[in-house]
There are 2 protein chains.
Amino acid sequence: MSQLPHATNVSELSGLKVACKDCSLFQLCLPVGLGGPDLALLDRVIKRRHVLKRGEYLFRPGDPFVFVYAVRSGSIKTYTPIRDGADQVTGFHLPGELLGLDAINTETHQCGAVALETSSVCELPLNRLEELGSVITNVQRQMLRIMSKQILHDQALQVLLCKRSAEERLAALLLSLSNRYKRRGFSATEFDLSMSRQDIASYFGLAEETVSRLFSRFQEQGLIEVTRKHVRLRDLPRLASMVGAPERLD
Amino acid sequence: MSQLPHATNVSELSGLKVACKDCSLFQLCLPVGLGGPDLALLDRVIKRRHVLKRGEYLFRPGDPFVFVYAVRSGSIKTYTPIRDGADQVTGFHLPGELLGLDAINTETHQCGAVALETSSVCELPLNRLEELGSVITNVQRQMLRIMSKQILHDQALQVLLCKRSAEERLAALLLSLSNRYKRRGFSATEFDLSMSRQDIASYFGLAEETVSRLFSRFQEQGLIEVTRKHVRLRDLPRLASMVGAPERLD
DNA sequence: GCGCCCGGTTGATTTAAATCAACAATTCCG
DNA sequence: CGGAATTGTTGATTTAAATCAACCGGGCGC
């Protein structure tokens, strides 16, 4: 189906229990920077490898908040229902990224999360962390950093939506995916989009047709090669020059 | 200059040292829900009453992160510089609201913060919290909640920017200010805007002229009465009906 | 007290992107 | 395997909001 590479193929095959310290996502995920003892305790409460098929829901709006989730493989989109029955896509999440942070305050998910392809997640019971002793401070400090990063990301998106054209928004997305794949050890210039044109349009407040036209235009201009979901970025520097630093979505 | 009411007038006059437990913003600010011992420790590290005149900067983009700030009186806007030299306004902050959360991760402010009128803030040295013992867990838990709330707020703004017209965006702002003033004990229907039309336009990705026209139109329609910065909301229910639940900015 | 400047308003015109419409290519599914 | 449904593409037209332009009025300095 999707040809998205899976960072965790090897560890997934080797067994269900892969400790955080042995996970290929260690550097990108919650435990980054945590020491051995903290990791061991963290491993005790994290539930691993909840698997989702394409289209399956991790949680839905209104669900009670139980876990923060870390994407382990695949990709997951989050969305908010808006009036008129439509959905607004609020984010695309790759391995190592955390989901459900917006539900900590109200203890209820306002967003939903759907797998864009076969994916797996780890479940972090934020409330149970308090049972553990020393680990909590370090993990919470790490949580603060991750949420701070999310807030910065949301601000970049705000600038993009307020000040930038449809063209620049799409460039920003392609660049963001490129950087994120690269950091995960995959090609920065060739990958499959796991989201539909409609998802991209929704995420950026554009019409599906506009996104489609932009993909065509980028191709005409020699910026990219695109066939359906497969994308090859042919001119990364020019793509990057279209997107200012404060609008980087990485 | 601005006729914005000041929640903290009384306590400000009574002296420089007002403990969190005696602050009128207690219920709206960081310490909400914290117990006496935690509060006492918190009071030891919080610096109070840094005063800013209109137009003064609390921090600028690039400044090293030292404090998280809580607005104590007045109002403060945050902004990001974007290419072409312009600024994008990223938020308006009223008493009890926290500033600088986006800098926790990088330890550098990406945004700047300017007083929209004479304002004062408390300074919370996030890093020094670790010197304190038991307080840290509870305060950090509270920080997680506040940041979660911010992320939810950012998502509401995303929906507004992606899916709603200029008209609905302005309605959302007026409604948000109304609710926030109300919670602080002020009139929900009559207040002064501390931000300029340009600030509002920037915040929502609109032109100054559009915002101006909308104020006029709202007045024609009997929704509001507006003279320069003074606003009276004449039909709160109709205003509210223009803004869906997932777009509430409160 | 007068005029200047800035913030705000109002009008005319342009434009980027939405909408409407038709169609092509894939994937889904019996 | 074949037809329906979904997803994506391309073209014509409309539209909300930007831009360009002129002007107003209050507050401030001189």
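Just so you know, these numbers come straight off a predicted model, no measurement behind them. To find a chain, count down the sequence lines: A is the first, B the second, and so on, and within it residues start at 1.
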Nucleotide of C:dG8, C:dT27, D:dA18 approaching B:A207 most closely (side-chain heavy atoms):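 For B:A207, the side-chain atoms sit closest to D:dA18.
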
Residue B:S196, side-chain atoms from C-beta onward, closest of C:dC28, D:dA18, C:dG8: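 Nearest listed nucleotide: C:dG8.
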
Checking B:H93 now: which residues fulfil ring pair (Phe, Tyr, Trp, His ring centres under 6.0 Å) with it, not counting sequence neighbours?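 Result, ring pair (Phe, Tyr, Trp, His ring centres under 6.0 Å) vs B:H93: none returned.
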
What residues, two or more places apart in sequence or in another chain, satisfy ring pair (Phe, Tyr, Trp, His ring centres under 6.0 Å) together with B:F204?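 Residues passing ring pair (Phe, Tyr, Trp, His ring centres under 6.0 Å) with B:F204: none at all.
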
Assign each of A:R228 and B:R197 to its nearest nucleotide of DNA chain C by heavy atoms, then name whichever residue's nucleotide is nearer the 5' end.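 The residue whose closest nucleotide sits nearer the 5' end is B:R197.
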
Scan for salt bridge (Lys or Arg N to Asp or Glu O under 4.0 Å) pairs involving residues 148-162 of chain B, sequence neighbours excluded, and state none if there are none.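 Not a single pair qualifies under salt bridge (Lys or Arg N to Asp or Glu O under 4.0 Å).
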
Per the salt bridge (Lys or Arg N to Asp or Glu O under 4.0 Å) rule, what does the pair list look like for residues 205-215 of chain A, sequence neighbours excluded?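 Every pair satisfying salt bridge (Lys or Arg N to Asp or Glu O under 4.0 Å) with a residue in residues 205-215 of chain A: there are none.
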
Can you give me the bend angle of the helix from C:dG1-D:dC30 to C:dG30-D:dC1? Use the axis through the first five pairs and the one through the last five, nearest 10 degrees.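 End axes: 40° apart.
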
Roughly, in whole Å, what's the span from [atom1] in [X] to [atom2] in [N]?
X: B:Q198; N: D:dA18; atom1: CD; atom2: P; answer: 13 Å
X: B:L206; N: C:dT15; atom1: CG; atom2: P; answer: 20 Å
X: B:L161; N: C:dA17; atom1: CG; atom2: P; answer: 15 Å
X: A:L193; N: D:dT9; atom1: CG; atom2: P; answer: 10 Å
X: A:H230; N: C:dT26; atom1: NE2; atom2: P; answer: 15 Å
X: B:K163; N: C:dA18; atom1: NZ; atom2: C1'; answer: 13 Å

Could you check which residues of residues 164-176 of chain B get a heavy atom under 4.0 Å from DNA chain D? Sort them by number, please.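 Those residues whose heavy atoms fall under 4.0 Å from DNA chain D, taken from residues 164-176 of chain B in numerical order, are B:S165, B:A166.
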
Look at the rings of B:F59 and B:Y69 and say which category their plane angle falls in: under 30° parallel, 30 to 60° tilted, over 60° perpendicular.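 Parallel.
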
For residues 214-221 of chain B, run the donor-acceptor check on the side chains, cut-off 3.5 Å, and write out each pair with its distance to 0.1 Å, sequence neighbours left out.
| unit_1 | atom_1 | unit_2 | atom_2 | d |
| --- | --- | --- | --- | --- |
| B:S216 | OG | B:S212 | O | 3.2 |
| B:R217 | NH1 | B:E167 | OE1 | 2.5 |
| B:Q219 | OE1 | B:V226 | N | 2.7 |

In chain order, what residues pass the side chain to side chain contact (heavy atoms under 4.5 Å, CB included) check against A:S178, with sequence neighbours excluded?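 By the side chain to side chain contact (heavy atoms under 4.5 Å, CB included) rule, A:S178 matches A:A188, A:F191, A:L233, A:L236.
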
Residues 81-89 of chain B, side-chain donor-acceptor partners within the protein, below 3.5 Å, at least two apart:
| unit_1 | atom_1 | unit_2 | atom_2 | d |
| --- | --- | --- | --- | --- |
| B:R83 | NH2 | A:E168 | OE2 | 2.4 |
| B:Q88 | OE1 | A:K163 | NZ | 2.6 |
| B:Q88 | NE2 | B:S202 | O | 3.1 |

State which residues pass salt bridge (charged side-chain N to carboxylate O under 4.0 Å, His left out) with A:R60; sequence neighbours excluded, sorted by chain then number.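 Not a single residue meets the salt bridge (charged side-chain N to carboxylate O under 4.0 Å, His left out) criterion with A:R60.
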
For a quick test of your reading: what N or O donor-acceptor pairs under 3.5 Å do the side chains of residues 243-250 of chain A make, sequence neighbours left out?
| unit_1 | atom_1 | unit_2 | atom_2 | d |
| --- | --- | --- | --- | --- |
| A:E247 | OE1 | A:R164 | NE | 3.0 |
| A:E247 | OE1 | A:G244 | N | 3.2 |
| A:E247 | OE2 | A:R164 | NE | 3.4 |
| A:R248 | NH2 | A:A240 | O | 3.1 |
| A:R248 | NH2 | A:V243 | O | 2.7 |
| A:D250 | OD1 | A:N179 | ND2 | 3.3 |
| A:D250 | OD2 | A:N179 | ND2 | 2.9 |

Near DNA chain C, which residues from residues 208-221 of chain A have a heavy atom under 4.0 Å away?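 Result for residues 208-221 of chain A: A:E209, A:T210, A:R213, sorted by number.
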
Side-chain touch A:V51/A:E56, heavy atoms, less than 4.5 angstrom: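 No. Closest side-chain heavy atoms not under 4.5 Å.
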
